Amino acid sequence: MNAAAPALLVIDVQNGFCTGGGLPVPDGEGVVPVINRLAAKFAQVVLTQDWHPSGHVSFASSHPGRQPFETINLDYGPQVLWPDHCVQGTRDADFHPELHIPHAQAILRKGWRAGIDSYSAFFEADRRTPTGLTGYLREQGVRELVLCGLATDFCVAWSAWDARAAGFGVTVVEDACRAIDLDGSLDQAWTKMRAAGVRRAMSDEF
Ligand code: VGL
Ligand code: ZN
């Protein structure tokens, strides 16, 4: 095992975030061929899957009178309300059918607790409940992570911040991500990622 080799973390490349999905990210499906090429260069690949029960707290439909993309305050802090997306066991929650990473070792499902959202692959939105991914990666000897997927300014960025806080080296591959960009969230995400020491790369650098 080459413990020094970086692992690739592929965030939420699911139908729900592509054209026709519940929460479509502009050109979300555009990451698929880029990530397929990128993943072939990594021995260790972990996929994440947004995996909500129906009636999830992050869905606007769970809050009478509220609309998607409004922010409300929950006991753990502010929460953007989303259209229903990636409900467990539905086609919306499946990986994009053209994502081809047969050698991926692990799939981490997140956002499965009805009352807590989880953008980050490492900690849920209460910022206290770990998903277990830090321990998994450490036990695999991983120290460096390369991140890609959907969406740059939510699940990718939150995962990148938490990975840095856990002590991993982190690179985000810009052309292997697409953003939602809600009220300047993409610029803010890059600013905070840079401040956290996240490196920014393009897929042809690998
Ligand atoms: C995501 C909003 C809600 C993401 C997931 O994958 O970036 N964003 N759920
Ligand atoms: Zn979600």
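Just follow the structure's listing: the first ligand is 1, and inside any ligand the first atom is 1. Values below: every heavy atom of this structure, side chains too, minus hydrogens, waters and symmetry copies. Small disclaimer: the values here were computed from a predicted structure and weren't measured.
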Exercise. Could you list which atoms of ligand 1 come closer than 4.0 Å to a heavy atom of Y119?
Key: 2 (C), 3 (C)

Quiz item: Judging by distance only, is a nitrogen or oxygen of H85 under 3.5 angstrom from one on ligand 1?
Solution: yes

Quiz item: N/O/S atom of H56 under 2.8 Å from the Zn ion (ligand 2), yes or no?
Solution: no

Quiz prompt | Derivation of the salt bridge (Lys or Arg N to Asp or Glu O under 4.0 Å) call for D162 and R127 | solution = CA-CA 9 Å; D162 284 350; R127 316 307 300 136; 2.6 Å; yes

Quiz item: Identify the closest protein heavy atom to atom 6 (O) of ligand 1: which residue and atom is it, and at what distance?
Solution: D12 OD2, 2.7 Å

Exercise. Flag the pair R200 and E205 as a salt bridge only when some basic side-chain nitrogen lies within less than 4.0 angstrom of an acidic carboxylate oxygen.
Key: no

Quiz item: Is it true that D12 and K110 have a side-chain N and a carboxylate O under 4.0 angstrom from each other?
Solution: yes

Practice problem: Answer yes or no on whether K192 is positioned over the face of W161, meaning its NZ or CZ is under 6.0 Å from the six-membered ring centre and within 45° of the axis. | Solution: yes

Quiz item: If you measure from CD1 on I11 to OG on S159, what distance do you get to the nearest 0.5 Å?
Solution: 3.5 Å

Quiz item: Going through the checks in order, is the side-chain contact (heavy atoms from CB on, under 4.5 Å) test met by F69 and W82?
Solution: CA-CA 6 Å; F69 309 108; W82 304 107; 3.7 Å; yes

Quiz item: Is any N or O atom of C155, backbone or side chain, closer than 3.5 Å to an N or O atom of ligand 1?
Solution: yes

Exercise. Please report the C-alpha distance between R199 and E174 in whole Å, then the side-chain angles of each, then the deciding distance to 0.1 Å, and finally whether the salt bridge (Lys or Arg N to Asp or Glu O under 4.0 Å) criterion is met.
Key: CA-CA 10 Å; R199 291 181 295 262; E174 188 171 6; over 6 Å; no

Exercise. Could you list the atoms of ligand 1 found under 4.0 angstrom from a heavy atom of L23?
Key: 2 (C), 3 (C)

Practice problem: Indicate, as side chain, backbone, both or neither, the part of V156 found under 4.0 angstrom from ligand 1 when only non-hydrogen atoms are considered. | Solution: neither

Quiz item: Does any N, O or S atom in D50 come within less than 2.8 Å of the Zn ion (ligand 2)?
Solution: yes

Practice problem: Report the angle formed at the Zn ion (ligand 2) by atom NE2 of H85 and atom NE2 of H52, rounding to the nearest 10°. | Solution: 90°

Quiz item: Any side-chain donor-acceptor pair under 3.5 Å between N15 and H96?
Solution: no

Practice problem: Examine A151 against ligand 1 and note whether any of their N/O atoms are separated by less than 3.5 Å. | Solution: yes

Quiz item: How far is atom 5 (C) of ligand 1 from its nearest protein heavy atom, and which residue and atom name does that atom have?
Solution: D50 OD2, 3.2 Å

Practice problem: Ignoring hydrogens and angles, state whether a donor on the side chain of Q79 or N73 is under 3.5 Å from an acceptor on the partner side chain. | Solution: no

Quiz item: Is there a heavy atom in V25 that sits closer than 4.0 Å to ligand 1?
Solution: no

Practice problem: Output yes when the distance from some N or O of ligand 1 to some N or O of L150 is under 3.5 Å, and no in every other case. | Solution: yes

